[in-house]
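Here the structure is a predicted model, which means the values were calculated and not measured. Sequential numbering from 1 along the given sequence is applied to the chain's residues.
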Amino acid sequence: ATIDHVLPDDAFVGKSLLFHPSGKFVYGFSYAEPAVRVFVVNGAGSYTEDVAAKFSLGADCPQNGTYTFQALGVSSDGSLVTTTNCTGAITVLATDPQTGRIVSRTDQPLSNLARPSPMTGDYLLATGMIAGENKSRTRLWQVKAGELNELAACDCATQTAVAVGAAGGLGVESDGT
């Protein structure tokens, strides 16, 4: 059911809400500030903000209103995975399963042209052109315990397709390799 004004109007933009796998918490990536706001799910469509749990991502962006987040997903252990238009990195936030609070942060730098895909299961894939070269770089990670664990990387000449699934990832070059 649609319920008006369940969450604050200034809190979120685009695809910037993530639910904890337990279903007990929802995380909102704020448009007005570089922060993650934590809400407790009370049931029946109501949420209570845990104001003390708000997690600042620092002053990564130059001005208010420029913190466009892309929520990439949540791992099975409750790690939140996101990126912003200003950090040039994938950010993994480990959460406490009992309180929902964020307990640690890890950043994985990306080249300016790399684009991460939404997570599938515990896997994340990013691909982009290598600056100054006619190659693309694809990296596959598993998100576990608040960390990105690289499983595979490929510098490929002309990649035409990439996919990530519950068991890993696949990249196919134009010659079929």
Quick check for you: to the nearest 0.5 Å, what is the distance between [X] atom [atom1] and [Y] atom [atom2]?
X: Leu18; Y: Leu80; atom1: CG; atom2: CG; result: 6.0 Å
X: Ile90; Y: Arg139; atom1: CD1; atom2: CZ; result: 8.0 Å
X: Leu93; Y: Asp107; atom1: CG; atom2: CG; result: 8.0 Å
X: Arg37; Y: Leu17; atom1: CZ; atom2: CG; result: 11.0 Å

Intermediate values then yes/no, side chain to side chain contact (heavy atoms under 4.5 Å, CB included), Leu140 and Tyr123: CA-CA 7 Å; Leu140 174 68; Tyr123 298 95; 4.3 Å; yes
Of all heavy-atom pairs between [X] and [Y], which one has the smallest distance, and what is that distance?
X: Tyr47; Y: Asn42; value: C-ND2, 3.5 Å
X: Pro21; Y: Ser76; value: CG-O, 3.7 Å
X: Phe19; Y: Val41; value: CE2-CG2, 4.1 Å

Okay, side chain of Thr82, backbone of Leu72: is any donor-acceptor separation there less than 3.5 Å?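 Not at all, since once roles are kept as given, no pair shorter than 3.5 Å links the two residues.
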Beyond-backbone contact of Thr91 with Thr83, side-chain heavy atoms, under 4.5 angstrom: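 Side chain of Thr91 against side chain of Thr83, heavy atoms only: no contact under 4.5 Å found.
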Quick one, Val38 and Tyr27 - any side-chain contact, counting heavy atoms below 4.5 Å?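 Val38 reaches Tyr27 side chain to side chain.
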Any residue meeting salt bridge (charged side-chain N to carboxylate O under 4.0 Å, His left out) with Lys144, in chain and number order, not counting sequence neighbours: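 For Lys144 there are no salt bridge (charged side-chain N to carboxylate O under 4.0 Å, His left out) partners, ignoring immediate neighbours.
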Tell me every residue that passes salt bridge (charged side-chain N to carboxylate O under 4.0 Å, His left out) with Asp77, counting only those two or more places apart in sequence or in another chain.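 Result, salt bridge (charged side-chain N to carboxylate O under 4.0 Å, His left out) vs Asp77: none returned.
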Pairs meeting criterion salt bridge (Lys or Arg N to Asp or Glu O under 4.0 Å) with involvement of residues 88-102, two or more places apart: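 Listed by first then second residue: Asp50-Arg101.
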In chain order, what residues pass the side chain to side chain contact (heavy atoms under 4.5 Å, CB included) check against Ser22, with sequence neighbours excluded?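 Listed in chain order: His20, Lys24, Phe25.
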By side chain to side chain contact (heavy atoms under 4.5 Å, CB included) - contacts of Val143 (at least two apart):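 Val143 satisfies side chain to side chain contact (heavy atoms under 4.5 Å, CB included) with Ser75, Ser79, Val81, Val92, Met119, Leu148 only.
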After noting the C-alpha distance and the side-chain angles of Trp141 and Glu147, does the key distance pass the side chain to side chain contact (heavy atoms under 4.5 Å, CB included) rule? CA-CA 9 Å; Trp141 295 281; Glu147 300 285 333; over 6 Å; no
Could I get the full list of side chain to side chain donor-acceptor pair (under 3.5 Å) partners for Gln98, not counting sequence neighbours?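 If we apply the side chain to side chain donor-acceptor pair (under 3.5 Å) test to Gln98, skipping adjacent residues, there are no hits.
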Which residues share a side chain to side chain donor-acceptor pair (under 3.5 Å) with Gln142, sequence neighbours left out: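 Partners of Gln142 by the side chain to side chain donor-acceptor pair (under 3.5 Å) criterion come out as none, since no residue qualifies.
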